[in-house]
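Written out below as structure tokens is the structure these notes cover.
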Amino acid sequence: MMRTIENLSLQKKVLLIVLSAGLVGCLAMMVASPARAKLEFFSPEYVAEIQQTHIGVVLTEQTGAEEVSRVVSGDDQLIQDQAALLGEDLDEGVQFDKMYPERLSVKNVSDDMDEYVRLTVRKYWATAAPLASVSADDMGLATIAAVEEPTSSDEDAVSDAMEKAAELSQPKKDTSLNPAHIALEFDGNNEGDWVFSAEESTDERLVFYYKQVLKAGEEAASPAVTGIAVSSSLREDPAAANGAYANCYLGLAAQVDSVQVNNAVDAAKSAWGVDVTQFEQYGLNWTDEN
Amino acid sequence: MKRTIAKRLGAILALAIACSLFAVAGTAFAYYTDTSRATGTLSFAYEPDEPHTDIEETPDKLGKVIRVQNTANVREGVPALVRVKVIYPNIEGVNVTITAEDGWAIQEGNEPTSTDGDNAGWLYFTSPVDPQEFTSQIKVDVDIPNADVVKQDFDIIVLQQCTSVSSNSDGSSVAGNFAGLMVSMDSLKAFDRYEHITVASGEGE
């Protein structure tokens, strides 16, 4: 091997030396890169402060006459305060064409990073089997019913069956019911703080982009969605005459996504597949941290 | 042979450099992003009622002014199609005039005479009436030029029927099934006035 190298021309030796040096340099970069965020040593004389950069965003909801918004996250968290939402209609239920105040917004919960945000709201109908209608077969109880002296395993089975019954009675999205009958109130003219993306929106899904940068720790200047209603168009739906809406649930699902402010246009394109520059005509400005 | 080894060595080094550069550059493709979700449901129930309507009659001299209200509950009620028939006496010396505001129509050839066949003489309100809303008015005027020649009592009777809104067979217009008769609102002729004039036997003598 050494002899082979010795027999090479000077030009080739130089080339090999350069390539070897390059490889060593690259490997050194790979090792050094993560070391930037690594505490090298600690002593009483020197204190190194390390700050972990974090970007964070949450949804906020303000229902009915509530004066301040609340952070909401997870299942069964939106439109849970029916008394606040429906007010005087709590006993009679949702009235057609009446807009109930339901404000959906976002908040930057980062300690130190500004961000740009997108809000996606889905509206849908859900149905559930009434608890009383869940059969013993559904719950897996058929084989236990005949047991006269239940053992602990039988009791566990009953407990499991009750959990299963509760699960079966949970509302589940019903795509046979028309989400167009659910109306959300928002600024469709894009005159406020949000841009409504008509191209990405459907009868079921509405997509909004916050026009400006959302500073660390701050909530959006105004909510993207301000109200929810059930349209009287539902009464003309043939399915309604057949009782399809006789026992159902109005469902709402919201998701907020955020991206960093540096190279935000590229970041949005990479993370969401959306070219946000198309919304610049409506006042969206994600090209600079403003 | 030596050249081949040198070439292979060079190629391996070049590949190693490329791989290490790619590994370093790869970290630059990551962006800071975050996501948060929430869901919720609200109980909702809608069981439509059958349409319910009622006549509102206001006396006007010897005649009356009529309109029909959809009396269904605003939330559970459904829009109703309405038809009205005015039954009046055919008595010599009693003249009856029926005048309707906009929105009323008749079937061609079925004038609002006093004949009481099942589907004869009905006036149809062509727009569906929403719960708690009214039709426009129908005015029935009774004129007795010579009271001396009219010796008997009489009544002006108003009948009304309603049905839910449906479409005609091709789905092109609003229609209603009135007592088994499917009536398309587009097929009706606008109605505004009908006069039933009689001549008393004593007149002109």
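Just so it is clear: chains get the letters A, B, ... in the order the sequence lines come, proteins before strands, and each one is counted from 1. No experiment lies behind these values; they were computed from the predicted model shown.
- Neither the backbone nor the side chain of D97(A) comes within contact range of chain B; no heavy atoms are under 4.5 Å apart.
- Heavy-atom distances place the side chain of V230(A), and not its backbone, under 4.5 Å from chain B.
- Ranked by heavy-atom pairs shorter than 4.5 Å toward chain B, the options R118(A), Q77(A), E115(A) are led by Q77(A).
- Ring orientation note: the planes of Y88(B) and Y194(B) are tilted relative to one another, at an angle of 30° to 60°.
- Ring-plane geometry between W125(A) and F44(B) is classed as tilted, the angle between the planes lying from 30 to 60 degrees on a 0 to 90 degree scale.
- By number of non-hydrogen pairs under 4.5 angstrom with chain A, the leading residue of S43(B), P79(B), A38(B), P48(B) is A38(B).
- Contacts of L15(A) with chain B are absent, with no heavy-atom separation under 4.5 Å from either backbone or side chain.
- With no hydrogens or angles considered, a side-chain donor-acceptor pair links R37(B) and Q255(A) at under 3.5 Å.
- Only the side chain of A271(A) comes within contact range of chain B, with heavy atoms under 4.5 Å apart.
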| task | Determine, stepwise, if the pair T135(B) / T53(B) fulfils side chain to side chain contact (heavy atoms under 4.5 Å, CB included). | result | CA-CA 10 Å; T135(B) 65; T53(B) 52; over 6 Å; no

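- Between chain B and the residues S110(A), G93(A), A240(A), P171(A), the most heavy-atom pairs under 4.5 angstrom are made by A240(A).
- Using a 30° and 60° split on the angle between ring planes, Y116(A) and W286(A) fall in the parallel class, below 30°.
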| task | Take E56(B) and Q69(B), measure what side chain to side chain contact (heavy atoms under 4.5 Å, CB included) needs, and give me the verdict at the end. | result | CA-CA 7 Å; E56(B) 183 189 84; Q69(B) 183 185 22; 5.8 Å; no

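- In terms of heavy-atom pairs under 4.5 angstrom with chain B, the leader among D75(A), V24(A), V72(A), N263(A) is D75(A).
- Side-chain N/O atoms of N90(B) and H196(B) include a donor and acceptor closer than 3.5 Å.
- The pair E61(A)-R70(A) meets the salt-bridge criterion, with a side-chain N (NZ, NE, NH1 or NH2) lying under 4.0 Å from an Asp/Glu carboxylate O.
- W272(A) does not touch chain B: none of its heavy atoms, backbone or side chain, sits under 4.5 Å away.
- Only the backbone of E92(A) comes within contact range of chain B, with at least one heavy atom under 4.5 Å from a heavy atom of that chain.
- Note: V256(A) leads V256(A), T120(A), D266(A) in heavy-atom pairs under 4.5 Å with chain B.
- Q80(A) touches chain B through its side chain: at least one heavy atom from C-beta onward sits under 4.5 Å away, while N, CA, C and O do not.
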